[in-house]
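Only one structure is covered here, and it is reproduced in the block below.
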Amino acid sequence: MSKDNEMDMLPDLQPVMPHSMSHRPNDLLRQAVTHGRPPPAPSASSYGKRKEMAALPWSDFFDKKKEVNIDGDIFNVYLKGTQGPIFYLLHGGGYSGLTWACFAKELARLVDCRVIAPDLRGHGDTKCADEHDLSKETQVKDISEILNKVYGRTDELVTIVGHSMGGALAVHTLNAKALSAKVAALIVIDVVEGSAMEALGGMVHFLHSRPSSFDSVDKAIRWCLSSGTVKNQTAARVSMPSQVREVSENEFTWRIDLTTTEQYWKGWFEGLSCEFLSCVVPKLLVLAGVDRLDKGLTIGQMQGKFQTCVLPRVGHCVQEDSPEKLADEVARFVIRHRIAKQNLNIPNFAPSQDPAIRLYEQRHHH
């Protein structure tokens with residue numbers, strides 16, 4: 001596969017590396033800005049036979065699909081499990097709750113838990129009167145009310161997990177004490193304030209560099225894989241269909257036009273590092289490849305205020321590219337902090353190969 005084909009599409013924000021560090025090979029935002037060209041179209045022979053690109057149903061991964069009415073807005077929510085601590089999964093801009101499908105299935109195999117993965121405002125099968133108000137205030141309110149509608153005032157512990165935009169929203173939600181349930185841990189995936197803020201300037205160009213439409217859902221899935229957006233075929237087949245919508249016969253376009261939400265982007269990430277550090281629960285920051293931490297996060301990490309996990313050979317969409325590895329890291333994290341219990345049918349997890357995690361475990365494991 002060529003270097004361009006290995007690049008990672010970022011529907012929300014991709015960290016940008018400083019010139020003194022190695023560039024991430026799948027940093028499509030950087031490539032789009034510097035080369036000014038869209039990702040390559042999939043070839044007819046890409047990724048095997050056509051039937052292998054068919055969409056996969058949500059029911060292969062989740063137990064239920066539920067509609068939640070909040071003041072007339074209908075939020076679509078995917079659910080898995082019936083008992084145990086709750087994992088509240090928040091997707092990034094442009095994705096949907098189905099971005100967590102493979103991860104949720106694997107996590108539920110490793111630990112006894114429940115999973116809730118909503119389509120946030122303007123995304124997936126959620127239908128709101130105002131689809132474009134993606135301000136952090138509105139979305140934090142949505143996130144709070146969705147959980148209350150589904151579980152009420154539960155005594156179960158909640159681990160809030162967010163990817164990119166969803167990671168920022170997870171931090172804001174926790175910092176605002178917006179959830180009535182007890183939050184036991186915070187897990188943020190591939191978003192760092194400094195690099196996210198730097199990437200804002202190229203986002204509109206990047207969004208316009210993508211194909212504006214597809215002839216079929218199958219072709220959207222093929223583009224998703226051939227462009228390097230996602231490296232996992234199963235994840236692409238379940239997640240990508242929810243990111244597009246049919247506008248006419250043989251024409252599918254993006255579910256949400258993120259350029260109409262540009263006024264809110266800065267608000268998602270500004271002050272994120274400080275807010276992240278101020279959250280008093282156990283925290284895990286998962287990064288895709290080598291990224292830099294700003295001064296505050298670097299000091300916080302050295303002081304043991306949070307754990308960092310760097311996953312190799314993944315793009316920005318960590319939960320789709322390597323759901324098994326991410327689930328393994330998350331499972332060991334919540335077991336270590338006595339938030340969830342290991343599934344007794346699964347052997348003990350192998351020791352982490354990440355030196356930073358091994359050091360964290362040596363310092364904090366009791």
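Given the structure is predicted, the values throughout are model-derived calculations rather than measurements.
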Which is it for Leu258 and Phe206 under the side chain to side chain contact (heavy atoms under 4.5 Å, CB included) test, yes or no, and what are the steps along the way?
-> CA-CA 11 Å; Leu258 286 172; Phe206 163 74; over 6 Å; no

Is any side-chain heavy atom of [Y] closer than 4.5 Å to one of [X]?
| X | Y | result |
| --- | --- | --- |
| Leu297 | Gln301 | no |
| Lys149 | Phe75 | no |
| Lys65 | Val77 | no |
| Leu120 | Leu134 | no |
| Tyr95 | Ser164 | no |
| Phe103 | Leu89 | yes |
| Thr126 | Pro118 | no |
| Ile146 | Ile116 | yes |

Go through the steps for Leu174 and Val281 under the test side chain to side chain contact (heavy atoms under 4.5 Å, CB included), then give the verdict.
-> CA-CA 9 Å; Leu174 182 53; Val281 298; 3.6 Å; yes

Closest approach of [X] to [Y] (non-hydrogen atoms, all atoms of both residues):
| X | Y | value |
| --- | --- | --- |
| Leu90 | Trp100 | O-CZ2, 3.2 Å |
| Ala288 | Val318 | CB-CG2, 3.8 Å |
| Leu157 | Ala184 | CB-CB, 3.9 Å |
| Ala185 | Phe333 | CB-CE2, 4.0 Å |
| Ala235 | Val230 | CB-CG1, 4.3 Å |
| Ala220 | Val244 | CB-CG1, 4.4 Å |

Using modelled atom types and a 3.5 Å cut-off, is there a donor and acceptor pairing between side-chain atoms of [X] and backbone atoms of [Y]?
| X | Y | value |
| --- | --- | --- |
| Arg121 | Gln139 | no |
| Asp71 | Asp73 | no |
| Tyr88 | Ile143 | yes |
| His123 | Gly94 | yes |
| Thr229 | Leu225 | no |
| Asn343 | Arg109 | yes |
| Arg114 | Gly84 | yes |
| Ser213 | Glu251 | no |
| Lys231 | Val314 | no |
| Trp268 | Gly166 | no |

Mind checking the [atom1]-[atom2] spacing from [X] to [Y]? Nearest 0.5 Å is all I need.
| X | Y | atom1 | atom2 | answer |
| --- | --- | --- | --- | --- |
| Phe61 | Leu98 | CZ | CG | 9.0 Å |
| Cys102 | Leu107 | SG | CG | 13.0 Å |
| Leu147 | Thr154 | CG | OG1 | 8.0 Å |
| Asp142 | Asp119 | CG | CG | 12.0 Å |
| His316 | His163 | NE2 | NE2 | 3.5 Å |
| Asp321 | Leu311 | CG | CG | 10.0 Å |

Looking at residues at least two apart in the chain, or sitting in another chain, which of them share a ring-ring contact (aromatic ring centres under 6.0 Å, His included) with Phe62?
->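 Testing Phe62 for ring-ring contact (aromatic ring centres under 6.0 Å, His included), a comparison that skips the adjacent residues, returns Tyr78.
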
Which residues share a ring-ring contact (aromatic ring centres under 6.0 Å, His included) with Tyr264, sequence neighbours left out |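 Applying ring-ring contact (aromatic ring centres under 6.0 Å, His included) to Tyr264 gives none.
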
Thinking salt bridges, do [X] and [Y] make one under a 4.0 Å N-O criterion?
| X | Y | value |
| --- | --- | --- |
| Glu145 | Lys141 | yes |
| Glu67 | Lys127 | no |
| Asp218 | Arg222 | no |

Glu246, CD: over 12 other non-hydrogen atoms inside 6.0 angstrom =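 Above 12, so yes.
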
Hey, is CG on Asp155 packed in by over 12 heavy atoms from elsewhere, all under 6.0 Å?
->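 It does not: Asp155 CG has 12 such atoms or fewer within range.
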
Do [X] and [Y] share a hydrophobic cluster, counting only Ile, Leu, Val, Met, Phe, Trp and Tyr and linking them when any side-chain heavy atoms are less than 4.5 Å apart?
| X | Y | value |
| --- | --- | --- |
| Val140 | Val188 | no |
| Val280 | Leu285 | no |
| Ile74 | Ile70 | no |

How are the rings of Phe276 and Phe306 set relative to one another: parallel (under 30°), tilted (30 to 60°) or perpendicular (over 60°)?
-> perpendicular

Take the angle between the ring planes of Trp223 and Phe214 and call it parallel below 30°, perpendicular above 60°, tilted in between.
->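 Because their plane-to-plane angle lies in the 30° to 60° range, the rings of Trp223 and Phe214 count as tilted.
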
Side chain to side chain contact (heavy atoms under 4.5 Å, CB included) assessment of Glu131 paired with Arg255 | CA-CA 11 Å; Glu131 295 262 291; Arg255 164 64 177 88; 2.8 Å; yes

Can you check side chain to side chain contact (heavy atoms under 4.5 Å, CB included) on Thr298 and Lys295, steps first, answer last?
-> CA-CA 5 Å; Thr298 300; Lys295 181 178 178 181; 5.7 Å; no

In this structure, which one of His91, Gln243, Glu320 forms a side-chain hydrogen bond (donor to acceptor under 3.5 Å, both in side chains) with Thr99?
->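 Only match with Thr99 under side-chain hydrogen bond (donor to acceptor under 3.5 Å, both in side chains): Glu320.
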
